[in-house]
Number of protein chains: 2
Amino acid sequence: MSHRLEEISESECQRIALLFKMMGDPTRLRILLALSGSSLCVMHISERVGMSQSATSHQLALLRKADLVRVTRSGKSLVYSLADDHVRQMLALSIVHGKEKRDHE
Amino acid sequence: MSHRLEEISESECQRIALLFKMMGDPTRLRILLALSGSSLCVMHISERVGMSQSATSHQLALLRKADLVRVTRSGKSLVYSLADDHVRQMLALSIVHGKEKRDHE
DNA sequence: TATTCATATGTATATCCGTTCATATGAATA
DNA sequence: TATTCATATGAACGGATATACATATGAATA
């Protein structure tokens, strides 16, 4: 896995930073966490995160652009799900990090 | 590892979002990547990321607050290193994510 | 203890970003 | 094809934030 993390091109660094940035907003993170359980349409997502349809859609557009989610149509609704399993792994890892920190204090 | 990512308290969600946010800035990410290779003093870090001593120190303060780095003194210098191995794992995971995406296109 | 040198901190500013409100889009249904 | 309903998009506003500049801090050395 970890092969020379230090030697990473500028453009790749930018892209990775964007990835983290997208996960670094509470609203977007809650969307991702919600989707880690099951695929959901926009309406349900916005209910889940307690945010307007518009705000939710704006954030989903960003998540799409960062390849963190994918969309499929089901009837009138668009159903969102996590793009791949790496996202889930990173979420899980971040939670473990937090947990251990708490145990130390 | 992945136990019910959906059911996470609001405060924990905030804390995790902060973690990602800290890694989501290009400058801070480059700092973390640099530290993944070896521990470094502030001067060397600022040279490495091509940024003023002040800007670097400001960002290091944020990374400290988020428990992503730790500091030890060596003579006159303060030596920074990654707080733990989770950070390294998350960095590595994010790079893999990017790589696979590229291969698909 | 006085001085120095590495690092931290305060303030200001320009830019970025998340949300809201209003409206457009367009696939699915009648 | 006309209509409807879910979602996307555009513009704008307020708050957050990264950097620069000036200065403070404080441990290490003389």
Side-chain angles (χ1 to χ4, degrees), chain A residues 10 13-35 38-83, chain B residues 10 13-35 38-83:
Chain A
E10 182 55 28
C13 184
Q14 292 284 345
R15 207 165 36 72
I16 297 171
L18 182 66
L19 181 74
F20 283 123
K21 188 189 236 175
M22 289 302 104
M23 298 202 269
D25 174 73
T27 299
R28 286 191 297 264
L29 182 62
R30 268 181 297 161
I31 291 176
L32 293 174
L33 290 171
L35 293 179
S38 64
S39 301
L40 295 169
C41 70
V42 178
M43 230 177 50
H44 288 156
I45 296 174
S46 67
E47 284 173 6
R48 188 70 161 274
V49 303
M51 207 128 267
S52 74
Q53 178 271 322
S54 178
T56 306
S57 188
H58 275 294
Q59 300 306 336
L60 284 171
L62 294 174
L63 292 174
R64 254 184 289 134
K65 206 179 279 183
D67 288 315
L68 284 168
V69 297
R70 38 181 263 274
V71 208
T72 58
R73 179 173 286 277
S74 169
K76 289 187 176 179
S77 305
L78 294 180
V79 178
Y80 279 82
S81 38
L82 293 187
Chain B
E10 181 56 29
C13 184
Q14 292 284 345
R15 206 166 35 72
I16 297 171
L18 181 66
L19 181 74
F20 283 124
K21 188 188 234 174
M22 288 303 104
M23 297 201 269
D25 174 73
T27 299
R28 287 192 295 263
L29 182 62
R30 268 181 296 163
I31 291 176
L32 292 174
L33 290 171
L35 293 180
S38 63
S39 300
L40 295 169
C41 70
V42 178
M43 230 177 51
H44 286 156
I45 295 174
S46 66
E47 284 172 5
R48 189 71 163 273
V49 303
M51 206 129 270
S52 73
Q53 178 271 322
S54 177
T56 305
S57 187
H58 274 292
Q59 301 306 336
L60 283 171
L62 293 175
L63 291 174
R64 255 185 288 134
K65 206 179 279 185
D67 287 315
L68 285 167
V69 298
R70 38 181 265 273
V71 208
T72 57
R73 178 172 287 278
S74 169
K76 288 187 177 180
S77 305
L78 293 181
V79 178
Y80 279 83
S81 40
L82 294 187

What I'd like to find out is whether the side chain of B/Gln59 reaches to under 4.5 Å of the side chain of B/Thr56, using heavy atoms alone.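 Contact flag for B/Gln59/B/Thr56 side chains = no.
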
Any idea which heavy atoms bring [X] and [Y] closest together, and the distance?
{"X": "B/Asp67", "Y": "B/Ala83", "answer": "O-CB, 3.2 Å"}
{"X": "A/Arg28", "Y": "A/Met22", "answer": "NE-O, 2.8 Å"}
{"X": "B/Ser46", "Y": "B/Met43", "answer": "OG-O, 2.9 Å"}

Pair assignment for [N], Watson-Crick or G-U wobble, requiring both distances under 3.5 Å:
{"N": "C/dG10", "value": "D/dC21"}
{"N": "C/dA30", "value": "D/dT1"}
{"N": "D/dT9", "value": "C/dA22"}

Protein-proximity profile, nucleotides 14-20 of chain D, B/S/- by nucleotide at the 4.0 Å heavy-atom cutoff, equals ---SSBB

When we call it a touch if two heavy atoms are under 4.0 Å apart, what does A/Ser77 touch: a base, just sugar-phosphate, or nothing?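 The residue A/Ser77 makes sugar-phosphate contact but no base contact.
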
State whether A/Tyr80 places a side-chain N or O below 4.0 Å from either non-bridging phosphate oxygen (OP1 or OP2) of D/dA8.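 Looking at the OP1 and OP2 atoms of D/dA8, one of them is under 4.0 Å from a side-chain N or O of A/Tyr80.
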
Under the side chain to side chain contact (heavy atoms under 4.5 Å, CB included) test against A/Tyr80, which residue among A/Leu60, A/Leu63, A/Leu68 passes? A/Leu60

When you measure from the side chain of A/Arg73, which nucleotide among D/dA28, D/dA8, C/dA27 comes out closest?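 So the nucleotide nearest the side chain must be C/dA27.
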
Could you check which of D/dA6, C/dT7, C/dC5 has an atom nearest any side-chain atom of B/Lys76?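 It is C/dC5.
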
Please report the distance, rounded to the nearest Å, between CG in B/Leu40 and C1' in C/dA6.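 These atoms are roughly 15 Å apart.
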
Between P on D/dC5 and CG on A/Leu78, what's the gap in Å once rounded to a whole number?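 Whole-Å distance recorded here is 16 Å.
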
Out of curiosity, A/Ile16 CD1 to B/Leu29 CG, how far, rounded to the nearest 0.5 Å?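 So the gap between those two atoms works out to 6.0 Å.
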
Kindly indicate whether the side chain of B/Gln53 and the base of C/dA8 share any N or O donor-acceptor pair separated by less than 3.5 Å?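 A donor-acceptor contact between them is present.
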
